[in-house]
Amino acid sequence: MSNAHQVRDGADVQDPALSRFDVVREGARLDDIEIVHYEPPFPVPGTKQERRLTRTIAGMFLLVGLLATAFLAIYIWWPWQFSKSGWLYYTPLLGVTLGLALLLVGIGLLAWGKKLMPKEVSVQDRHTGPSPEADRRIVGETLVYVTDELGVRRRPLLGLSLLAGLAPVGAVAAAPLIGGLIENPHKNNQMFTTGWAPREGNLIRLTREDGTPIRPEDVSAGGQMTVFPGIPGGHSNEYADSPTLLIHLRTDAAQTARAANERKGKQDYMYGNYIAYSKICTHAGCPASLYEQQTNRLLCPCHQSQFLIVDNATPVFGPANRPLPQLPLDVDAEGFFVAKSDFTETVGPDFWERP
């Protein structure tokens, strides 16, 4: 090689007579890469078959754009609330539109690579050392060459269709994040409704798993009991967000709890020394039911979150960052515990309740 611009077989990459492919091939040889086979998919560019194939792939990309746009429209405007007409189709439609869009992106790119890209076989040896100046041009020419081989310049329809198709797909990726900021998950209080909500003006009794109601004397001082709404199916999965822990606090602990409730405007939530909290952990929805009487802490065994019962069940340890909702208590005319209302705070990790 007589100078830096000349490759080992004597070809000069600065020779203006060389075609772009010649420069790329010589540059490949500089890196010990030998292109042993090269076959363009269409020896005669612009044939009817090539145009038909280009239109087919472009159609796939445009369809991707339509499907992704449909996903966004459904995500924003389709009624997703439980009991509203059409809510059953919300999640399936999101899955179908996004699934088909991603499938068509894959098929389109695969067809582009298999049908429109030239077939090439190269053999490469590893080499070391600094890149000569000529390599800089080779790299640049290679990038332009690859762009040409993709056919974007000669087939602008493909490039435009790919851009039109993938732009909505990018918006789809951002939709859940943006939608989560815009949508109000507490609209119409739908997430506040559990089995404790009064029915036809009647307050709901606290019952055991077998449905028997509970009187205050059924829970001894320092004791606790898991209770369920006294309605049909109240202890079943139909009301899985309703399990509640009823605790009979000792006198000194009860005084501390009442003072904490007053600070939060919940002065009428306790009945005597009794207090009740949702058992659904606000971190990941596990049952927080390990009550430690000496410290008045309620522990969630899944991720070790701990809630201080005498301070509005405020989390004091672990990943949970929201207090357990408190159930307001009372006793009816027959002496049985009732819930004065449903929970006034979201039970568990509220995103779980979205359909």
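Quick note: numbers below take in every heavy atom, side chains included, and nothing from hydrogens, waters or symmetry partners.
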(request) Please name all residues satisfying ring-ring contact (aromatic ring centres under 6.0 Å, His included) with Y239, sequence neighbours left out, ordered by chain then number. (result)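 With sequence neighbours excluded, Y239 shows a ring-ring contact (aromatic ring centres under 6.0 Å, His included) to no residue whatsoever.
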(request) Could you label the plane-to-plane angle of the Y75 and F71 rings as parallel, tilted or perpendicular, counting under 30° as parallel and over 60° as perpendicular? (result) parallel
Show me, pair by pair, the donor-acceptor contacts under 3.5 angstrom made by side chains of residues 160-174, not counting sequence neighbours?
from	atom 1	to	atom 2	distance (Å)
S161	OG	L157	O	2.9
S161	OG	L158	O	2.8

(message) Please evaluate residues Q224 and H248 with respect to the criterion side chain to side chain contact (heavy atoms under 4.5 Å, CB included), reporting the C-alpha separation (whole Å), side-chain torsions for both, the decisive distance (0.1 Å), and the verdict.
(response) CA-CA 6 Å; Q224 49 84 24; H248 186 176; over 6 Å; no
(request) Would you please name every residue forming a side-chain contact (heavy atoms from CB on, under 4.5 Å) with A276, sequence neighbours left out? (result) T244, L246, L327, L329
(request) Go through the structure and list residues passing side-chain contact (heavy atoms from CB on, under 4.5 Å) with A313, not counting sequence neighbours. (result)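 Partners of A313 by the side-chain contact (heavy atoms from CB on, under 4.5 Å) criterion, ordered by chain and then number, come out as Y277, F307, L324.
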Does [Y] offer a backbone N or O that forms a donor-acceptor pair with the side chain of [X] under 3.5 Å?
| X | Y | value |
| --- | --- | --- |
| W196 | S242 | yes |
| R199 | I231 | no |
| T207 | F228 | yes |
| R51 | G46 | yes |

Side chains of residues 104-121: which donor-acceptor partners sit under 3.5 Å, not counting sequence neighbours?
from	atom 1	to	atom 2	distance (Å)
W112	NE1	L150	O	2.8
E120	OE2	S122	OG	3.1

(request) Write out all pairs satisfying ring pair (Phe, Tyr, Trp, His ring centres under 6.0 Å) with one or both partners inside residues 17-54, taking only residues at least two apart or from two chains. (result)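 Ring pair (Phe, Tyr, Trp, His ring centres under 6.0 Å) check on residues 17-54 returns F21-Y38, F21-Y145.
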(message) Quick check: closest heavy atoms across P319 and S305, and the distance to 0.1 Å?
(response) CD-OG, 3.1 Å
